[in-house]
Participant: 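Okay, here's the structure, questions in a sec.
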Amino acid sequence: MDISISTWMMIAFILGLILSIWKMWPFLVNKTLEDDDRGEDVEQYLQDIMLSVIRERQGDLDEEELFIRMTHDEWFDSKLLWRFNRNRLKQLLQKYYIQHPEAQNSIEGIYKEYIANFFQKH
């Protein structure tokens with residue numbers, strides 16, 4: 001039984017393909033990491049903390065103070081949100097302003113919009 005050179009080349013190619021897929025598999029698997037802070041659930045979690053701090057201070061704070069108070073809030077998980085910074089807060093505020101145009105692009109506007117919605121519901 002004589003195997004031709006093209007058969008040996010095909011076997012080597014298939015083995016190389018299997019080996020390369022095996023080596024790249026960890027990079028292809030799409031599972032959520034433990035410290036992934038970019039999911040929708042984490043965005044909602046951060047937004048809840050942000051609204052809580054704004055409600056607590058009655059809208060009387062700027063972005064810097066909001067950031068400091070959020071990071072020192074009892075519900076802030078520093079292990080999960082270790083990458084949270086001022087830029088991420090600005091992105092969170094911009095996303096909130098887009099979703100709620102009646103907030104008037106200000107922290108005080110967010111508070112007023114929140115209070116108006118609260119009294120409409122109750």
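As a basis for the values below, the full set of heavy atoms in this structure was taken, side chains included, without hydrogen atoms, waters or symmetry mates. Just so we're clear, the structure is a prediction, and the values are computed from it rather than from any experiment. Along the sequence shown, residues carry numbers from 1.
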Participant: Quick one: are Met50 and Leu93 in side-chain contact, heavy atoms under 4.5 Å?
Facilitator: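 Counting from C-beta outward, Met50 and Leu93 do come under 4.5 Å.
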Participant: Please test Leu61 against Val53 for side-chain contact (heavy atoms from CB on, under 4.5 Å), starting from the C-alpha separation and ending with a verdict.
Facilitator: CA-CA 9 Å; Leu61 65 164; Val53 170; 4.1 Å; yes
Participant: Does atom CD of Gln99 have more than 12 heavy-atom neighbours from other groups under 6.0 Å away?
Facilitator: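 Atom CD in Gln99 is crowded, with more than 12 foreign heavy atoms closer than 6.0 Å.
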Participant: Quick check: are there more than 12 heavy atoms from other residues, nucleotides or ligands sitting under 6.0 Å from CD of Glu108?
Facilitator: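 Incorrect, the count does not exceed 12.
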Participant: What closest approach, in Å, do Thr71 and Ile68 show between heavy atoms, and which atom pair accounts for it?
Facilitator: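 Closest approach of Thr71 to Ile68, heavy atoms only: OG1-O, 2.9 Å.
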Participant: Checking side-chain contact (heavy atoms from CB on, under 4.5 Å) for the pair Tyr96/Leu51: CA distance, chi angles, key distance, verdict?
Facilitator: CA-CA 10 Å; Tyr96 189 87; Leu51 291 174; 3.9 Å; yes
Participant: On a heavy-atom basis, which atom in Ile110 and which in Ile54 lie closest, and how many Å separate them?
Facilitator: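 Nearest pair, atom of Ile110 first, then Ile54: CG2-CD1, 4.0 Å.
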Participant: With a 4.0 Å cut-off, would you call Glu102 and Lys112 a salt bridge?
Facilitator: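 The answer is no: the pair does not qualify as a salt bridge.
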Participant: Under 6.0 Å from the CG atom of Leu15, do we count more than 12 heavy atoms belonging to anything else shown?
Facilitator: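 More than 12 heavy atoms, drawn from other residues, nucleotides or ligands, come within 6.0 Å of this atom.
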Participant: If we check salt bridge (charged side-chain N to carboxylate O under 4.0 Å, His left out) with Arg86, which of these qualifies: Glu64, Glu63, Glu65?
Facilitator: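 When Glu64, Glu63, Glu65 are each tested with Arg86, the salt bridge (charged side-chain N to carboxylate O under 4.0 Å, His left out) holds only for Glu64.
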Participant: Which value, rounded to the nearest 0.5 Å, describes the distance between Leu81 atom CG and Ile49 atom CD1?
Facilitator: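 Between atom CG of Leu81 and atom CD1 of Ile49 there are 6.5 Å.
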Participant: Give a yes or no on whether Asp60 atom CG has more than 12 heavy-atom contacts from other residues, nucleotides or ligands under 6.0 Å away.
Facilitator: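 Result for CG/Asp60: open.
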Participant: Distance-only, no hydrogens or angles: does the Ser52 side chain make a donor-acceptor pair with backbone N or O of Asp48 under 3.5 Å?
Facilitator: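 Answer holds: no.
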Participant: In the structure I gave you, are the side-chain heavy atoms of Ile107 and Asp62 within less than 4.5 Å of one another anywhere?
Facilitator: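 A side-chain contact under 4.5 Å is absent here.
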Participant: Is it the case that one hydrophobic cluster holds both Ile18 and Met10, taking links as side-chain heavy atoms less than 4.5 Å apart, direct or via other members?
Facilitator: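 Looking at the clustering, Met10 is in the same group as Ile18.
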Participant: So, for Phe76 and Leu46, which heavy atoms are closest and what is the spacing to 0.1 Å?
Facilitator: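 It is CE1-CD2, 4.2 Å.
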Participant: Check whether any side-chain heavy atom of Leu92 lies under 4.5 Å from a side-chain heavy atom of Met70, and answer yes or no.
Facilitator: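 They are in side-chain contact.
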Participant: Say you draw a straight line from CD of Gln94 to CG of Asn105; how long is it, rounded to the nearest 0.5 Å?
Facilitator: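 Taking CD in Gln94 and CG in Asn105, the distance rounds to 6.5 Å.
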Participant: Compare all side-chain heavy atoms of Gln104 with those of Tyr97 and state whether any distance is below 4.5 angstrom.
Facilitator: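 Side-chain contact under 4.5 Å: no.
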Participant: Grab the two heavy atoms, one from Arg88 and one from Asn85, that are nearest each other, plus how far apart they are.
Facilitator: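 Shortest heavy-atom contact: N-OD1, 2.9 Å.
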Participant: If I take atom CD from residue Glu56 and atom CD from residue Gln58, how far apart are they, to the nearest 0.5 angstrom?
Facilitator: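 Nearest 0.5 Å value for the CD-CD distance: 10.0 Å.
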Participant: OG/Ser106 to CD/Glu113 distance, rounded to the nearest 0.5 angstrom?
Facilitator: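 With rounding to 0.5 Å, OG (Ser106) is 10.5 Å from CD (Glu113).
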Participant: Measure the spacing between CE of Met9 and OG of Ser6 and express it to the nearest 0.5 Å.
Facilitator: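 If we round to the nearest 0.5 Å, Met9:CE and Ser6:OG are 8.0 Å apart.
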